[in-house]
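Single-structure report; data block below.
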Amino acid sequence: MQDDLPNVFLIGPMGAGKSTIGRLLAAELHREFFDSDHEIQARCGADIPWIFDVEGEAGFREREQQVIGELTQYPRVVMATGGGAVMREANRRALRERGTVIYLYTTVEQQLKRTARDRNRPLLQRDDREEVLRTLFTRRDPLYRATADLVVRTDRRGPKAVVGEIVRRVSRQVDPLMSCKA
Ligand SMILES: Nc1ncnc2c1ncn2[C@@H]1O[C@H](COP(=O)(O)OP(=O)(O)OP(=O)(O)O)[C@@H](O)[C@H]1O
Ligand SMILES: O=C(O)C1=C[C@@H](O)[C@@H](O)[C@H](O)C1
Ligand SMILES: [Mg+2]
């Protein structure tokens, strides 16, 4: 596998597949994998619902900015971010300046299916989940697009096929002639 690729940062909404695809992509590229949500929980010694309960969403966003600010400085990593990471300008800037940013796009219908039984996403622990996801999509989709170098759909194919597309498209960005090679 080509070894001169930049850091790869995955952004997108809850259930887009950032954590799932990020882990597979890192294995494919022989890169270290970080997940900012996991890192926040490990450092805090508590899960995300607990942080939201005790510190509020604002407390969680502070922790998230700290973690993204640090992890984006590592070389040669793949990092999955949380769905709301793009809400802060400092995060958008760190991601854009320090790697290739990929927006994993999916539909609200897929998000609903993929997060149906989950209890670890505090923003979705309510009856009007569909409305919440649609509101977040309207607010955040322009920010995902403004931050990303590439948009990759995850609603029509499984994680392995998505990883294949990411590797092909990121490689092409690094070496545009690759698309002409056999
Ligand atoms: N391309 C895909 N096709 C089908 N299912 C998928 C795909 N990608 C992820 N999933 C499934 O969707 C669920 C949510 O995926 P994942 O946790 O990776 O999302 P996420 O983007 O990291 O969400 P969050 O922002 O909340 O951390 C998982 O059960 C995963 O197996
Ligand atoms: O979309 C969001 O705001 C969130 C997504 C998750 O990845 C977590 O970062 C947290 O549940 C908040
Ligand atoms: Mg995740």
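Every number for a ligand or one of its atoms is a count from 1 in the order of the listing.
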Any atom of ligand 2 sitting under 4.0 Å from a heavy atom of Gln111? no
Counting only N and O atoms by type, is there a donor-acceptor contact under 3.5 Å from the side chain of Thr115 to the main-chain atoms of Asp118? no
Ignoring hydrogens and geometry beyond distance, is a side-chain donor-acceptor pair present between Tyr103 and Asp141 at under 3.5 Å? yes
Have Arg114 and Thr154 got a donor and an acceptor in their side chains that come within less than 3.5 Å? yes
Considering heavy atoms of the protein only, find what lies nearest to [atom] and give residue, atom and distance to 0.1 Å.
{"atom": "atom 1 (N) of ligand 1", "answer": "Arg157 O, 2.8 Å"}
{"atom": "atom 7 (C) of ligand 1", "answer": "Arg114 CZ, 3.6 Å"}
{"atom": "atom 17 (O) of ligand 1", "answer": "Arg121 NH2, 3.2 Å"}
{"atom": "atom 19 (O) of ligand 1", "answer": "Gly17 N, 3.3 Å"}
{"atom": "atom 27 (O) of ligand 1", "answer": "Asp37 OD2, 3.4 Å"}
{"atom": "atom 25 (O) of ligand 1", "answer": "Lys18 NZ, 2.6 Å"}
{"atom": "atom 16 (P) of ligand 1", "answer": "Thr20 OG1, 3.5 Å"}

Per-atom contacts of ligand 2 with [X], taking only distances under 4.0 Å to non-hydrogen atoms:
{"X": "Met14", "answer": "1 (O), 5 (C)"}
{"X": "Gly82", "answer": "7 (O), 9 (O)"}
{"X": "Asp37", "answer": "6 (C), 7 (O), 8 (C), 9 (O)"}
{"X": "Leu123", "answer": "2 (C), 3 (O)"}

Is there any N or O on [X] that sits under 3.5 Å from an N or O of ligand 2?
{"X": "Arg140", "answer": "yes"}
{"X": "Arg61", "answer": "yes"}
{"X": "Gly83", "answer": "yes"}

Taking only heavy atoms of Gly158, which atoms of ligand 1 are found under 4.0 Å from at least one of them? 1 (N), 3 (N)
Heavy-atom contacts with Met14 under 4.0 Å: which atoms of ligand 1 show up? List them by number with element. 23 (O), 24 (P), 25 (O), 26 (O)
How far apart are the closest heavy atoms of [X] and [Y], and which atoms are they?
{"X": "Thr106", "Y": "Gln111", "result": "CG2-CG, 3.6 Å"}
{"X": "Arg76", "Y": "Arg31", "result": "O-CD, 2.9 Å"}
{"X": "Thr72", "Y": "Ile68", "result": "OG1-O, 2.7 Å"}

Nitrogen or oxygen of Gly12 less than 3.5 angstrom from that of ligand 1: no
Can an N or O of Ser19 be found at a distance shorter than 3.5 Å from an N or O of ligand 1? yes
Are [X] and [Y] close enough for a salt bridge, meaning some N to O gap below 4.0 Å?
{"X": "Glu64", "Y": "Arg61", "result": "yes"}
{"X": "Glu62", "Y": "Arg88", "result": "yes"}
{"X": "Glu109", "Y": "Lys113", "result": "no"}

Verdict with reasoning, Asn7 to Met79, per side-chain contact (heavy atoms from CB on, under 4.5 Å): CA-CA 8 Å; Asn7 283 334; Met79 178 169 68; over 6 Å; no
Part of Pro13 with heavy atoms under 4.0 Å of ligand 1, whether side chain, backbone, both or neither: backbone
So for atom CG, which belongs to Asp127, do other residues, nucleotides or ligands contribute more than 12 heavy atoms lying within a distance under 6.0 Å? no
Following the transitive rule for hydrophobic clusters with a side-chain heavy-atom cut-off under 4.5 Å over Ile, Leu, Val, Met, Phe, Trp and Tyr, establish whether Ile48 and Val54 coincide in one cluster. yes
Within the stated cut-off of 2.8 Å, is an N/O/S atom of Ser19 closer than that to the Mg ion (ligand 3)? yes
